[in-house]
Colleague: 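I have a structure here, written as structure tokens, and I will follow up with some questions on it.
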Amino acid sequence: MRLGAKDFDLASTVESGQLFRWSKEGDGYRIAHRDKSFFVSQEGDFLEFSGVTAAFLTSFFGLDVDYAAIKRKLSKDAMLRTAIKAYPGIHIVRQDPWECTVSFLCSSFSNIKKIQLNLRKLTECFGESGAFPCPGDIDDHPRIKSCSTGYRSKYIFEANKLVDDRSLNALKRLPYAEAKARLMELPGIGEKVADCICLFSLDKTEAFPVDVWIKRVIEELYFEGKSMKERDVRDFAKQRWGALAGYAQQYLYHWRRTL
DNA sequence: GACCAGGATATGG
DNA sequence: CCATATCATGGT
């Protein structure tokens, strides 16, 4: 199937650290998410895809969002304009909240390769016929640990007992601050992980996850390399970009990492 | 508020 | 082969 995708870059969107269960396949990507597995490739302004509906893909990759308008506003910032020019087609994905939660519980003090390994093993270990396990299914602590999750295993084990799809999806209807506060009630979810879940699965575009890379790039571009507190980085982003802070984060993150 | 453990992988020397 | 860095959090 074929779908128009203007102002969208599949490669940088998939490879910008939002998604973990994907691999290159032929001239495109095989992407797994919850119970879905689909193939996508891009030729110019069109996506060639199979395994999901066009409606799913449109929502998943945010093809219904006016990125031209977002970039126009953010490009008033000279620093940000450079990052946007480097990868102008990056989109924020709309993930499933549960898979997103488990993914970023795995992410703490880790790296992308290892997170991918964790999620591959968790899916093999607890999932049914290749699908990502549902809330309630990841219920064996020693086996979670055997998925190379280390000290994060107890967080995954607890989160699996404490949430379900309905409660997580209900967070989409709450204001950002409330959704984030609810997520942070779960063990292992602090400010950074909560912001990732808000931005990548709950449509909270004002969320600004602060990791080592974002902290570094904000210090370099806006504060002459002087060391900042994470709290101050978040406050700066909120003040400067407001509801578009999440988009700014993604452009800056991918640009700085691929420098 | 600053420091530290905990667990595994990839990369560079 | 060893040293080092890695998309943080919770406890002290």
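These numbers were taken from a predicted model, which means no experiment stands behind them. Within every chain, numbering begins at 1; the chains are lettered A, B, ... in the order of the sequence lines, protein sequences first and strands thereafter.
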Colleague: Return the nearest nucleotide to the side chain of Val212(A); candidates are dA8(C), dA10(B), dA2(B).
Modeller: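 Closest nucleotide among those given: dA8(C).
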Colleague: For dA8(B), which nucleotide in any strand shown is its Watson-Crick or wobble partner with both distances under 3.5 Å?
Modeller: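 When the pairing criteria are applied, dT6(C) turns out to be the nucleotide that pairs with dA8(B).
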Colleague: Base, sugar-phosphate alone, or nothing: which one does Ser16(A) contact when heavy atoms must sit under 4.0 Å apart?
Modeller: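 The answer is base, as Ser16(A) lies within the cut-off (heavy atoms under 4.0 Å) of a base atom.
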Colleague: Which pair of non-hydrogen atoms, one from Ala159(A) and one from Leu105(A), has the smallest distance, and what is that distance?
Modeller: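 In this case the closest contact between Ala159(A) and Leu105(A) is CB-CD1, 3.9 Å.
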Colleague: Tell me whether the OP1 or OP2 atom of dA5(C) has a side-chain N or O from Arg216(A) closer than 4.0 Å.
Modeller: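 Looking at the OP1 and OP2 atoms of dA5(C), neither is under 4.0 Å from any side-chain N or O of Arg216(A).
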Colleague: Whom does dG11(C) pair with, Watson-Crick or G-U wobble, provided both distances fall under 3.5 Å?
Modeller: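 Base partner found: dC3(B).
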Colleague: Rounded to the nearest angstrom, tell me the gap between atom CE in Met184(A) and atom P in dT9(C).
Modeller: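 It is 8 Å, rounded to the nearest whole Å.
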Colleague: Mind calculating the distance between CZ (Arg234(A)) and P (dA8(C)) to the nearest angstrom?
Modeller: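 About 13 Å, once rounded to whole Å.
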Colleague: Taking the minimum atom-to-atom distance to the side chain of Asn111(A), which one of dA8(C), dA10(B), dT6(C) wins?
Modeller: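 It is dT6(C).
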Colleague: Rounding to a whole Å, what distance do you find between Phe157(A):CZ and dT9(C):P?
Modeller: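 About 22 Å, once rounded to whole Å.
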Colleague: So does Lys161(A) pair up with Glu158(A), basic N to acidic O under 4.0 Å?
Modeller: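 Yes.
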Colleague: May I have the distance from Arg231(A) (atom CZ) to dA8(C) (atom P), rounded to whole angstrom?
Modeller: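 Atom CZ in Arg231(A) sits about 19 Å away from atom P in dA8(C).
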Colleague: Rounded to the nearest Å, what distance is computed from the CD1 atom of residue Ile115(A) to the P atom of nucleotide dG7(B)?
Modeller: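 So the two atoms are 18 Å apart, to the nearest Å.
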Colleague: Using whole Å, report how far NZ of Lys229(A) lies from P of dG1(B).
Modeller: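 The answer, rounded to whole Å, is 6 Å.
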Colleague: Which listed nucleotide (dT9(B), dA8(C), dG7(B)) is nearest to the side chain of Lys145(A)?
Modeller: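 Given the options dT9(B), dA8(C), dG7(B), the side chain of Lys145(A) is closest to dG7(B).
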Colleague: Rounded to the Å, how far apart are Phe20(A) CZ and dT9(B) C1'?
Modeller: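 Value for this atom pair: 15 Å.
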Colleague: Categorize Pro187(A) for me: base, sugar-phosphate, or nothing, with a 4.0 angstrom heavy-atom threshold over every strand shown.
Modeller: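 If one applies the 4.0 Å heavy-atom cut-off, Pro187(A) turns out to touch the sugar-phosphate alone, with no base involved.
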Colleague: Does the pair Asp195(A) and Tyr176(A) meet the rule for a side-chain hydrogen bond (donor to acceptor under 3.5 Å, both in side chains), with working shown?
Modeller: CA-CA 9 Å; Asp195(A) 275 330; Tyr176(A) 162 59; 2.5 Å; yes
Colleague: Between Ser107(A) and dA8(C), does any side-chain N or O lie under 4.0 Å from OP1 or OP2?
Modeller: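 Result: no.
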Colleague: With heavy atoms under 4.0 Å as the rule, sort Ile189(A) into base, sugar-phosphate or nothing.
Modeller: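 Contact class for Ile189(A): sugar-phosphate only.
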Colleague: Mind checking if Leu117(A) touches a base, just sugar-phosphate, or nothing, with heavy atoms under 4.0 Å?
Modeller: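 Sugar-phosphate contact only.
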Colleague: Determine, for Asp96(A) against Arg34(A), whether the closest basic-nitrogen to carboxylate-oxygen distance falls under 4.0 angstrom.
Modeller: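 Arg34(A) and Asp96(A): salt-bridged.
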Colleague: If each of Arg152(A) and Lys113(A) is mapped to the nucleotide of DNA chain B with the nearest heavy atom, which maps nearer the 5' terminus, i.e. the 5' end?
Modeller: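 Final value for this comparison: Arg152(A).
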Colleague: Under a 4.0 Å N-O cut-off, is there an ion pair linking Lys192(A) with Glu230(A)?
Modeller: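 No salt bridge links Lys192(A) with Glu230(A).
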Colleague: Please name the pair of heavy atoms, one in Gly4(A) and one in Leu63(A), separated by the smallest distance, quoted to 0.1 Å.
Modeller: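 Nearest pair, atom of Gly4(A) first, then Leu63(A): O-CD1, 4.4 Å.
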Colleague: Nearest to the side chain of Lys114(A), which nucleotide is it out of dA8(C), dT6(C), dG7(B)?
Modeller: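 My answer, after comparing the listed nucleotides, is dG7(B).
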Colleague: Out of dG10(C), dT9(B), dA8(C), which has the shortest distance to the side chain of Tyr155(A)?
Modeller: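 Selected nucleotide: dG10(C).
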Colleague: Report the distance from atom CZ of Phe109(A) to atom P of dA5(C), rounded to the nearest whole Å.
Modeller: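 Answer to the nearest Å: 10 Å.
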Colleague: For a quick check of understanding: with a heavy-atom distance under 4.0 Å over all strands, which category does Gln18(A) fall into, base, sugar-phosphate or nothing?
Modeller: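 Here Gln18(A) touches the bases of the nucleic acid.
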